[in-house]
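Below: the structure, in structure tokens.
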Amino acid sequence: MTTKFSQDIVPVTTMKANPAKIIQQVTEAHRPVLLTSRGKGVAVVQSIGDYENQTEEIAFMRAVVEGLQDVEKGKTLSVAETRARFGLK
């Protein structure tokens with residue numbers, strides 16, 4: 001997802017005037033829009049689907065990092081210990 005500065009930076013006044021256009025843009029392009037006020041960024045508009053995907057990816061990556069940290073600390077179980085823990089044969 002590469003930002004297209006000519007399309008993805010929009011003044012708040014444009015959002016106020018035509019919110020449906022901005023919503024359609026973020027939904028179809030799968031890129032967030034940066035809203036500006038007086039030339040400064042004030043908010044980001046993103047489709048709910050893209051937001052949910054991003055949130056899930058972040059949670060997954062955090063879990064991976066946590067798992068790798070556990071391995072480095074020696075917090076691991078053998079296959080036999082895991083099976084016994086979960087009552088599997």
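Each residue takes its place number in the sequence, starting with 1. Values below: every heavy atom of this structure, side chains too, minus hydrogens, waters and symmetry copies.
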**OP:** With sequence neighbours excluded, tell me which residues meet side chain to side chain donor-acceptor pair (under 3.5 Å) with E66.
**Re:** none
Go through the structure and list residues passing side chain to side chain contact (heavy atoms under 4.5 Å, CB included) with [X], not counting sequence neighbours.
| X | answer |
| --- | --- |
| E81 | L77, S78 |
| F60 | V64 |
| T27 | I23, S47 |

Subject >> OG1-CD1 distance between T36 and I9, expressed to the nearest 0.5 angstrom >> reply: 7.5 Å
**OP:** Please round to the nearest 0.5 Å and tell me the distance separating atom CG of N18 and atom OG1 of T13.
**Re:** 11.5 Å
**OP:** Treat each ILVMFWY residue as a node, draw an edge where side-chain heavy atoms are under 4.5 Å apart, and state whether L68 and M61 are in one component.
**Re:** yes
**OP:** Report yes if some heavy atom in the side chain of Q54 is under 4.5 Å from a heavy atom in the side chain of Q46; otherwise report no.
**Re:** yes
Subject >> Transitive ILVMFWY cluster of V10, excluding itself - 4.5 Å side-chain cut-off >> reply: V12, M15, I22, V26, V33, L35, V42, V45
**OP:** Name all pairs fulfilling the salt bridge (charged side-chain N to carboxylate O under 4.0 Å, His left out) condition that reach into residues 34-46, sequence neighbours left out, sorted by first residue then second.
**Re:** none
**OP:** May I ask you to check whether R31 and Q25 show a side-chain donor-acceptor distance below 3.5 Å?
**Re:** no
